[in-house]
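Worksheet: the structure to be examined is printed underneath.
Just so you know, residue 1 is the first one in the sequence shown, and it goes up from there. None of the values given here were measured: they were computed from a predicted structure.
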Amino acid sequence: MGRVHNFSAGPAVLPVSVLEEAQKELLDYKGVGMSIMEMSHRSQEYEAVQFEAESLLKELLSAPNGYRVLFLGGGAHTQFAAVPLNFLFPDAEADYVITGGWAERAYEEALKLHAVTKLCGKANMASSSKATNFDRIPTRSEIKLSPNPAYVHITSNNTLYGTQWPARPDFGKKTLFADMSSDFLSRPFDLSQFALIYAGAQKNCGPAGVTIVVLREDMIEKANKNIPTMLSYGIHAKNNSRYNTPPVFSIYMVSLVLNWLKNKGGLAAMKKINVEKAGCVYEAIDNSGGFYQGHARKDSRSMMNITFRLPTEELENKFVDEARKSGLVGLKGHRSVGGIRASTYNALPIQACRDLASFMGDFQKNNG
């Protein structure tokens, strides 16, 4: 069987050239006689891999001086707890903008830590688009910030409902954190506007198993020292992400993907490609005469996760089944939302989106 077009939301499609390189090096990494998965995380060979990944990431992000990169386990969900434990001191407040399911979970984790452990201060809901089923990004006037929050937390892309912040919101001099898991490295952005960002690698820059955290060095100094060791950014920074055994193979794969991104022309080139890919599918939705109904409002549409419904759930199931037979997989919407979701991450070829748009046209003709 040939490779299919994989629209899964994560773990997601990886570049074929990256998979082939990893395959070639799987048994014998650069002549050392063993796999990267078998060697010590203290070895010179592995140290070079991690150093290259950090260097490439800073280059792609045009990172200013004074930022650190951490490669951690536990996924973005672990960061939902690590962020308030490190920075939301008991006498402080933090503001959360709720734009979807994962933003809601981050907020709820902070609430739990405040209510149950008293290790953290109060988490405030600065705004929420839940009343309209997370179909849009709130306007700046709808977001009510505290007078002096420890940080403001946003989720840059809504994986479940298909919305995305069109640009970084203007919060003045407030300390801004972001969960960028589902649109990380998909477009350029000004890192200097963020004090901390984090992202699971399994959507745009690697396989599942490693979470990337990029934060300003001054934030490390400000972080709470009296928290569980494995959730301490200071401990991980001091030990260069090797306080414990890191997910070495996942980090190696991230390094390969970052090289691939660099060779593609970096984030500006990726944005151009991603806009074109998403445009193919959105055009099919908009030209369907209402047969396909996009969930997100047009001014909040995501380039990474395109969500839409068909007239009936029966037709949606038929759509997913026939698409799979045509080599278009991973299109079933998240269980909490339903419908159809096409995730068009960095490594998905543009031909996949063209083929999906063509399939959508044919399916409507046969079932509309």
Please determine whether a side-chain nitrogen of the Lys or Arg among [X] and [Y] lies less than 4.0 Å from a carboxylate oxygen of the Asp or Glu.
X	Y	result
D218	R216	yes
E45	K30	no
R105	E108	no
K58	E54	yes
D321	R324	yes

Taking all non-hydrogen atoms of both residues, which atom of [X] and which atom of [Y] are closest, and how far apart?
X	Y	value
P246	S241	CB-O, 3.6 Å
A347	V13	CB-O, 3.5 Å
L111	A123	CD2-O, 3.6 Å
T155	T99	O-OG1, 3.7 Å
V49	S255	O-OG, 4.0 Å
F194	A178	CE2-CB, 3.7 Å

When hydrophobic residues are tied together by side-chain contacts of less than 4.5 Å, even through go-betweens, does [X] share a cluster with [Y]?
X	Y	result
L231	Y198	no
M303	Y161	no
M253	I36	yes
M180	L196	no
L310	V320	yes

Backbone N/O of [Y] and side chain of [X]: donor-acceptor pair under 3.5 Å:
X	Y	result
Q50	N240	yes
N6	S8	yes
R168	D190	no
D28	G31	yes
S326	E322	yes
S343	Y345	no
T132	S129	yes
S288	I285	yes
D95	S146	yes
H5	G327	no

Before you tell me yes or no, could you show the steps for S186 and N346 under side chain to side chain donor-acceptor pair (under 3.5 Å), namely the whole-Å CA-CA distance, both residues' side-chain angles and the distance that decides it to 0.1 Å? CA-CA 6 Å; S186 67; N346 283 345; 5.2 Å; no

Any side-chain heavy atom of [X] within less than 4.5 Å of one from [Y]?
X	Y	result
E52	N259	yes
K144	M125	no
P64	L191	yes
L185	L258	yes
T163	F134	no
N305	N158	no
K203	M304	no
V337	H295	no

Give the intermediate values and the outcome of side chain to side chain donor-acceptor pair (under 3.5 Å) for residues Q79 and Y233. CA-CA 10 Å; Q79 303 312 308; Y233 293 127; 2.6 Å; yes

To the nearest 0.5 angstrom, please state how far the [atom1] atom of [X] sits from the [atom2] atom of [Y].
X	Y	atom1	atom2	value
C205	L256	SG	CG	12.0 Å
I98	S127	CD1	OG	8.5 Å
Q202	N204	CD	CG	10.0 Å
I227	N86	CD1	CG	3.5 Å
E21	W260	CD	CH2	13.5 Å

Above 12 or not: heavy atoms from other molecules or residues under 6.0 Å from [atom1] of [X]?
X	atom1	result
R335	CZ	no
E313	CD	no
K112	NZ	no
N366	CG	yes
Y243	OH	no
K225	NZ	yes

Strictly under 6.0 Å, is that where the ring centroids of [X] and [Y] end up?
X	Y	result
Y151	F177	yes
H77	F80	yes
F359	F319	yes

What I want to check is whether the side chains of Y292 and N287 have a donor and an acceptor closer together than 3.5 Å. no

Is there a donor in the side chain of E142 and an acceptor in the side chain of T139, or the other way round, less than 3.5 Å apart? yes

Angle class for the Y107/Y96 ring planes (parallel below 30°, perpendicular above 60°, tilted otherwise)? tilted

Begin with the C-alpha distance, continue with both residues' side-chain angles, and end with the deciding distance and a verdict on side-chain contact (heavy atoms from CB on, under 4.5 Å) for I143 and F171. CA-CA 10 Å; I143 301 171; F171 294 145; 4.0 Å; yes

Check the pair R3 / L19 against side-chain contact (heavy atoms from CB on, under 4.5 Å), numbers first and verdict last. CA-CA 12 Å; R3 282 182 63 80; L19 294 172; 3.8 Å; yes

After noting the C-alpha distance and the side-chain angles of K277 and N274, does the key distance pass the side chain to side chain donor-acceptor pair (under 3.5 Å) rule? CA-CA 5 Å; K277 287 192 299 188; N274 287 330; 3.1 Å; yes

S302 and N157: CA distance, side-chain angles, deciding distance, side chain to side chain donor-acceptor pair (under 3.5 Å) verdict: CA-CA 7 Å; S302 170; N157 186 79; 2.6 Å; yes

Using side-chain contact (heavy atoms from CB on, under 4.5 Å), reason through L57 and I212 one step at a time and then give a plain yes or no. CA-CA 10 Å; L57 188 57; I212 297 168; 3.5 Å; yes

Determine whether F363 and L315 satisfy the following criterion, side-chain contact (heavy atoms from CB on, under 4.5 Å), listing intermediate values before the conclusion. CA-CA 10 Å; F363 187 85; L315 274 177; 4.1 Å; yes

